[in-house]
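First the proteins, then the strands, lettered A, B, ... as listed; each starts at 1. Computed over heavy atoms, backbone and side chain alike; hydrogens, waters and symmetry mates excluded.
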Number of protein chains: 2
Amino acid sequence: MTARTSSETARDIPEATVARLPVYLRALTTLSEQGTSTCSSEELAVAAGVNSAKLRKDLSYLGSYGTRGVGYDVEYLRYQIAREIGVTQDWPVVIVGIGNLGQALANYSGFRSRGFRTVALLDADPARRDEVVAGLVVRPFADLEQIVHDHAVAIGVIATPAVAAQDVADRMVACGITSILNFAPTVISVPDQVDVRKVDLSIELQILAYHEQRKTQGAPSQEVGA
Amino acid sequence: MTARTSSETARDIPEATVARLPVYLRALTTLSEQGTSTCSSEELAVAAGVNSAKLRKDLSYLGSYGTRGVGYDVEYLRYQIAREIGVTQDWPVVIVGIGNLGQALANYSGFRSRGFRTVALLDADPARRDEVVAGLVVRPFADLEQIVHDHAVAIGVIATPAVAAQDVADRMVACGITSILNFAPTVISVPDQVDVRKVDLSIELQILAYHEQRKTQGAPSQEVGA
DNA sequence: AGGAGTTTGTGAACGGGAGAACAAAACGGA
DNA sequence: TCCGTTTTGTTCTCCCGTTCACAAACTCCT
């Protein structure tokens with residue numbers, strides 16, 4: 001066990017581990033719904049699609065929540081991970097850009113079930129104004145500051161076209177938003193203290209295409225032995 | 001320069017580099033549209049949001065396409081990267097699950113502009129049958145095999161609910177699809193020779209929440225110095 | 001033609017993550 | 001109570017990726 005102050009939990013969880021915690025959380029939720037009350041690291045690792053040694057090491061950063069010879073209590077571990085990630089609390093979120101993707105995000109149930117509450121949908125296009133999406137009225141982008149202030153929003157989602165993304169990000173930062181999830185296919189620059197994560201749908205396809213190309217490249221005909 | 005057979009390009013491009021090539025490609029396209037004909041590794045690195053040394057090392061895996069003292073020819077480099085990724089060719093794609101997300105994907109122009117051509121939209125729900133989305137008629141899931149065969153589809157996109165994802169994946173694999181982009185929030189298992197990439201929208205938000213929680217956690221009041 | 005300035009391509013050091021392997025600890029049965 | 005079995009928590013080693021730093025190479029100016 002690494003040295004640790006008594007008042008707080010361990011401080012230095014590796015980034016790679018943080019990225020996997022939500023996967024473990026999801027797997028535990030599924031196990032819980034199936035009525036499983038206890039599971040071993042091996043079972044959970046299979047459910048999460050990772051190596052069991054890696055799983056145990058990841059969990060060890062949170063503390064010793066397992067019992068040797070027995071395994072982990074599903075509910076207890078699930079709560080501990082949820083608390084560590086921060087999804088036991090309520091996170092108000094604004095979505096900017098209510099095109100196809102923005103609408104899909106607004107309707108995505110996976111957000112609300114994990115503590116993310118969409119408090120407003122914003123769009124710069126006046127034609128979209130007053131449309132109702134996922135039970136919320138689409139409001140003008142100019143309302144951003146008021147909304148962020150009223151609901152203490154810390155997280156913003158950008159689902160606009162690429163050209164608008166940097167401007168939206170600047171406005172978000174100016175309003176006090178400190179975490180941004182960017183779906184626009186462009187690099188946005190923000191101050192150091194602001195976190196940005198990007199999701200680019202076409203990049204994932206391109207990575208697949210690269211490997212796909214190399215699968216067929218080596219073979220002269222369509223019949224591949226491997 | 002690493003040793004390399006004369007007949008083919010280098011074989012071992014690191015996975016981390018492959019994941020960045022599409023970002024470089026996008027940055028180069030933007031530069032090209034702005035009328036820039038030449039750029040240095042520093043300029044391109046800024047546009048792509050990476051370190052310039054990393055960029056140069058990444059590009060060096062493809063070959064020596066730059067000119068010392070000058071930089072890179074935007075058009076030439078763009079073509080070379082596109083060819084390496086494989087987006088100079090046409091990739092037929094099927095999308096399964098035409099809910100909100102599936103519709104957003106079907107309408108996403110970023111796919112078509114990079115060589116990904118959606119040849120069919122499939123959904124198991126008979127109520128969605130014959131709906132027209134993005135100019136394509138939604139067809140029954142049972143048509144998968146016929147479509148994959150007719151259009152030589154190698155890449156499939158799963159945008160179904162989690163419970164259906166594994167079954168869809170199995171059927172895709174059985175039809176001969178060898179690359180899968182999975183948007184369903186669940187782990188799917190496939191044979192080794194099949195590539196799967198996953199995009200989980202809520203996981204990205206959870207990672208942001210973790211960091212957000214720790215930003216505010218240390219500070220007793222709302223006023224944070226950093 | 002030659003030298004100063006610029007930028008690429010790469011060798012080398014460094015840091016972090018992945019996985020194997022094992023010691024520590026809990027349970028169960030005799 | 002004591003021993004065998006199971007499974008966690010952790011150490012150790014290896015490998016991949018990142019970054020620094022510099023030599024090689026090209027341009028431009030005199």
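- Atom CG in Leu59(B) sits roughly 13 Å away from atom C1' in dT10(C) (whole-Å rounding).
- If you check the side chains of Gln193(B) and Thr178(B), you find no donor sitting under 3.5 Å from an acceptor.
- Below the 3.5 angstrom threshold, one finds no donor paired with an acceptor across the side chain of Arg68(B) and the base of dT7(C).
- Remark: the Thr88(B) side chain and the Arg83(B) side chain contain no N/O donor-acceptor pair separated by less than 3.5 Å.
- The CG-P distance, from Leu62(B) to dT10(C), rounds to 12 Å in whole Å.
- Protein atom CG of Asp12(B) is 13 Å distant from nucleotide atom P of dT10(C), rounded to whole Å.
- For Trp91(A) (side chain) and Gly86(A) (main-chain N/O), a donor-acceptor pair under 3.5 Å exists by modelled atom type.
- Projected onto DNA chain C by closest heavy-atom contact, Val70(A) and Asp58(B) fall at different nucleotides, the more 5' of which corresponds to Asp58(B).
- Atom OH in Tyr61(B) sits roughly 10 Å away from atom C1' in dT10(C) (whole-Å rounding).
- Residues from residues 28-54 of chain A with heavy atoms under 4.0 angstrom of DNA chain D, sorted by number: Ser40(A), Ser41(A).
- Residues satisfying the side-chain contact (heavy atoms from CB on, under 4.5 Å) test with Thr30(A), not counting sequence neighbours, are Gln34(A).
- Between Tyr72(B) and dG9(C), a side-chain N or O to OP1/OP2 separation shorter than 4.0 Å is present.
- Using a 4.0 Å cut-off, no side-chain N or O of Arg56(A) falls inside it from OP1 or OP2 of dA20(C).
- Between the C1' atom of dT8(D) and the CG atom of Leu77(A) lies a distance of 12 Å, rounded to the nearest Å.
- The base of dT19(D) sits within donor-acceptor range of the side chain of Lys57(B), with an N or O pair under 3.5 Å.
- For the residue pair Asp58(B)/Ser60(B), the side-chain donor-acceptor check at 3.5 Å is not satisfied.
- The salt bridge (charged side-chain N to carboxylate O under 4.0 Å, His left out) contacts involving residues 37-51 of chain B comprise nothing, where partners must be two or more places apart or lie in separate chains.
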